[in-house]
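As the structure is a prediction and not an experimental result, all values here were calculated from the model. Labels below follow one simple rule: chain letters A, B, ... track the order of the sequence lines, proteins then strands, and each chain is numbered from 1.
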Amino acid sequence: LAKTTQPISMDSYEGQEVNITCSHNNIATNDYITWYQQFPSQGPRFIIQGYKTKVTNEVASLFIPADRKSSTLSLPRVSLSDTAVYYCLVALYSGNTPLVFGKGTRLSVIA
Amino acid sequence: GAGVSQSPRYKVAKRGQDVALRCDPISGHVSLFWYQQALGQGPEFLTYFQNEAQLDKSGLPSDRFFAERPEGSVSTLKIQRTQQEDSAVYLCASTNAFQRENQETQYFGPGTRLLVL
């Protein structure tokens, strides 16, 4: 499984765009990139998944460069409720295989 | 619809006591996972069921840990003779995926926070 590296923590003011970059230098050809969000006292929640280029949904955007050795989760106009830990995962399949989480990035949004 | 539920949400046990943690997956979900999350860390895989079959238990840290899913729905994680290092949040996740080649997301429950004194 590809190892991922992401910042331990980030701070942001409300209303700003937040970009969290994850490095996965040894990503395999068929691996997908998935991001999960975890609030205190809750289980992780799927945010977004992509293979290449850009993916956007109602929550976030995911930018993946051509070499796929990194990816950037972009959260537009964050609010206090976006304070959470964000995990970047790289795996061939995510439905029927154990997810491998790193320590994640702890995002703190302040007013 | 209802998500994954876990009970109890909090459990305090004395060292040496046995505990049982329950997971109710989303109705109809075939696959069920248990994870352990230590304070400040990401979740770590414990074991995986497809229906009632336990297909992978490579993550169970010792033979004191036992999981079952006898009817392919509700699952129980049992820890015998609890130790202080067992203190963690135990998360359950389920998916509708039954084929290996699947990108279905895993849906997590809120977890059971176990504290062993």
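Taken together through direct or relayed side-chain contacts under 4.5 Å among Ile, Leu, Val, Met, Phe, Trp and Tyr, A:Trp35 and A:Phe63 form parts of separate hydrophobic clusters.
Annotation: B:Arg15, atom CZ; neighbour count of heavy atoms from other residues, nucleotides and ligands within 6.0 Å does not exceed 12. Taking a 6.0 Å sphere around CD of A:Gln42, one finds it holds more than 12 heavy atoms contributed by other residues, nucleotides or ligands. Heavy-atom contacts from other residues, nucleotides or ligands closer than 6.0 Å to CD1 of A:Ile8 number 12 or fewer. Residue B:Leu117 places its CG atom among more than 12 non-hydrogen atoms of other residues, nucleotides or ligands, all under 6.0 Å distant. Counted within 6.0 Å of CD on B:Glu85, heavy atoms from surrounding residues, nucleotides or ligands total more than 12; the atom is thus considered enclosed.
With a threshold of 4.5 angstrom between heavy atoms, B:Tyr35 approaches chain A through side-chain atoms but not through N, CA, C or O. Using a 4.5 Å cut-off between heavy atoms, B:Gln6 does not touch chain A at all.
Between B:Phe33 and A:Thr97 the shortest side-chain heavy-atom distance does not fall below 4.5 Å.
Interface check for chain A: of the options B:Gly42, B:Pro43, B:Gly111, the most heavy-atom pairs under 4.5 Å are formed by B:Pro43.
Put simply, the side chain of B:Arg9 gets close to the backbone of A:Ser41: a donor and an acceptor are under 3.5 Å apart.
Here the shortest heavy-atom pairing between A:Gly43 and B:Leu91 reads CA-CD2, 3.8 Å.
With 3.5 Å as the limit, one finds a donor-acceptor pair spanning the side chains of B:Thr105 and A:Tyr36.
For the atom pair B:Gln106 CD and A:Phe46 CZ, the distance stands at 11.5 Å (nearest 0.5 Å).
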